[in-house]
Amino acid sequence: MFRAPPTHTLFFPRPGICYNEFMRPLLLPWPRGASEPGAPAAASSAVALPEAPAPAAPFPAGLLAAFLLSVLLLVLWGVRQLRTARRRTREAEVANQGLLDEVADHHRTMEQLTRHASELERTLNSMRTEARIVFSLLNSIGDGVVVTDPDGKTLLFNPEAERLLGQWGGDTSSGGWPASFGLYRVDAVTPFPPEEVPFVRALRGEEVDHVEMFIRLPNAGEGCWVNAGAKPLRDAKGAIQGAVMVLRDVTEYKRAERMKDEFVSVVSHELRTPLTAIKGALGLILGGVTGELPAQTRAMLDVANRNSDRLMALINDILDIQKIETGRMVFRREPVDLKRVVEQAIEANGAYARGFGVGIALAGSVDGARALGDADRLGQVLANLLSNAVKFSPPGGQVEVDLSRTAGGVRVSVTDHGPGIPESFRPRVFQKFAQADASDTRQKGGTGLGLSISKAIVERMGGRIGFESVPNERTTFYFELPVEDRA
Amino acid sequence: MTSPLRRVLAVDDDPDILMVVRMALENVGGLTVACCGSGREALGVAPGFAPDLVLLDVMMPDLDGPATLKALRGLPGLGGVAAVFLTAKVQPDEVTRYREAGIADVVTKPFDPMTLAATLRRIWDRVQGGGS
């Protein structure tokens with residue numbers, strides 16, 4: 001049963017509760033005796049309601065319609081308000097979700113930043129450790145290390161560099177190094193050119209190795225020799241950002257080397273002196289100055305003379321090797337008529353070849369070919385090549401000398417028709433004291449130094465030396481030199 | 001007008017070499033030779049011997065070759081005596097140093113005794129002819 005509420009009650013979803021137009025719940029007393037729809041009348045007495053008033057006089061129809069219309073309007077207005085509220089709620093929810101997402105983003109960003117900060121901290125710690133290691137190394141290594149900026153201003157001097165150079169070089173300009181630090185060439189006399197200081201060269205882009213310098217500090221004692229190298233420091237794009245120079249103290253090595261040189265020089269001289277007397281005496285006897293010699297005596301004296309020659313050659317070769325290795329072999333630099341040098345060498349070694357029953361012939365020649373070099377040293381090279389060719393030629397054999405043009409130079413070759421060079425020995429042909437067979441030195445009489453000396457001499461003159469060998473057919477040793485042609 | 005080489009004063013601290021030199025110059029070369037075992041001995045012998053040419057070892061104790069030559073040239077009548085060094089030390093820088101001492105030439109040890117006299121005559125003739 002439906003009845004008009006005392007207020008603007010709209011509907012009754014269950015006994016005792018109704019909602020007004022604002023959807024606010026409103027406790028509404030249930031009429032006595034009334035039963036909830038579908039419930040037994042006896043069970044509907046949860047709340048005791050006041051006595052129902054006496055029926056009122058019926059409403060006029062117009063008033064009722066107006067009332068109903070008002071109610072309808074109110075319902076419609078309420079629905080609209082409800083929808084608006086829901087829409088706003090949704091909008092607020094959407095807006096809140098954006099904020100929540102934003103907060104979540106910030107949270108994630110914070111987490112990432114925290115993670116990055118941790119990584120950065122670890123990286124920094126790692127870098128600090130590495131830096132400590134590098135500095136420990138720089139402080140403990142026996143080499144001096146100098147680092148400069150692109151202008152040559154010193155950025156780093158490790159303790160060994162400071163010891164070698166005697167002072168921190170922070171304020172020294174690159175051009176002022178030789179004067180400030182007392183840099184000299186290896187002879188300890190010639191001032192070192194500023195533009196050739198290794199790190200200055202490195203700043204020009206060069207990679208410098210094994211430059212020997214002498215350092216004599218102003219107001220200091222003996223000084224020291226250093227072996228220096230330098231490299232440019234480049235950024236990722238290859239631009240030079242500075243240079244690093246490493247200095248190694250080689251003073252002790254130099255002193256030992258000098259002692260060795262003096263020893264070799266003295267020993268060689270002391271060996272030459274008795275050999276001079278032996279050779280002189282043998283020469284006079286064999287020359288008949290002391291009278292005629294019985295054949296057997298002469299044969300024995302020839303043995304003594306030959307071996308004193310061999311000993312002298314060995315001493316000379318050792319001295320030559322020593323001079324080459326210490327850079328003290330002096331080379332003249334003048335135009336050399338190669339044809340003339342070859343002809344002289346053939347003539348000079350002719351007697352030696354005849355002693356082996358071997359001939360030397362000039363197979364080909366080039367007129368007017370001139371090389372820039374030292375004629376005596378080239379004669380020495382040819383003597384080495386010819387004596388080798390003669391020694392390894394069969395008796396009655398022929399050694400051929402050929403002078404020919406090459407692209408940009410001239411080649412001098414000496415060919416013999418001996419056994420050839422074993423494959424296994426070829427890589428060692430130009431090594432010191434190298435002999436294909438250990439007994440060769442005794443059998444052939446060589447020192448094992450001739451080819452090593454020849455290689456050094458040819459290379460000092462800007463040329464190259466090589467060989468070609470066909471077993472039991474021929475062996476050709478050759479050297480090529482750049483030619484100085486005269487118009 | 002050049003006079004031939006006749007008298008040679010040989011100075012060397014090695015008696016064996018000195019003997020070879022004497023035989024090479026006297027027996028092979030037909031020269032008159034005076035031999036001295038030291039520079040100081042040479043300073044005593046030289047004024048009386050009046051050599052045309054002095055053949056000097058370079059490395060000698062007490063007075064070495066250059067010092068002996070300098071002292072010899074300080075003696076009366078020996079101011080212009082020709083000198084040749086006989087040495088095993090013939091590096092280019094060493095030869096340059098010898099020449100600065102005023103020598104005519106250098107003969108390298110070991111030398112050929114059969115041609116030593118001829119070598120000295122050639123040097124002597126060059127010096128007499130005003131060559132260097």
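In what follows, every heavy atom counts, from backbone to side chain, and hydrogens, waters and symmetry copies are set aside. Here is the naming used below: chain letters follow the sequence lines, and residue numbers restart at 1 for every chain. What you see is a predicted model; the values in this text were computed from it and never measured.
Ionic pairing of A:R255 and A:E252 is present here: one or more N-O contacts between side-chain nitrogen and carboxylate oxygen are shorter than 4.0 angstrom. Checked for salt-bridge contact, B:R99 and B:D105 meet the test: a charged N lies under 4.0 Å from a carboxylate O. A salt bridge does not link A:E257 to A:K260: none of the charged side-chain nitrogens sits closer than 4.0 Å to a carboxylate oxygen.
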May I have the list of side-chain donor-acceptor pairs in residues 448-459 of chain A shorter than 3.5 Å, sequence neighbours left out?
from   : atom 1 : to     : atom 2 : distance (Å)
A:S454 : OG     : A:N384 : ND2    : 3.1
A:S454 : OG     : A:G450 : O      : 2.8
A:K455 : NZ     : A:E459 : OE2    : 2.9

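Residues of residues 10-28 of chain B lying within less than 4.5 angstrom of chain A, judged on heavy atoms, are B:D14, B:D16, B:I17, B:V20, B:M23, B:A24, B:N27, B:V28 in numerical order. At a heavy-atom separation below 4.5 angstrom, chain A is approached by B:M59 within residues 53-66 of chain B.
Between chain B and the residues A:P274, A:G288, A:A277, A:S308, the most heavy-atom pairs under 4.5 angstrom are made by A:A277.
Two residues are said to be in side-chain contact when any heavy atoms from C-beta on lie closer than 4.5 Å; A:R370 and A:L338 fail this criterion.
Taking CG from A:L284 and NZ from A:K279, the interatomic distance works out to 11.0 Å, rounded to the nearest 0.5 Å.
A side-chain donor-acceptor contact under 3.5 Å links A:D320 and A:Q380.
Taking the centre of each ring, B:F85 and B:Y98 come in below the 6.0 Å mark.
A:R185 is linked by a side-chain hydrogen bond (donor to acceptor under 3.5 Å, both in side chains) to A:E196, counting only residues two or more places apart in sequence or in another chain.
With a 6.0 Å radius and a threshold of 12 heavy atoms from other residues, nucleotides or ligands, B:K70 has its NZ atom at or below the threshold.
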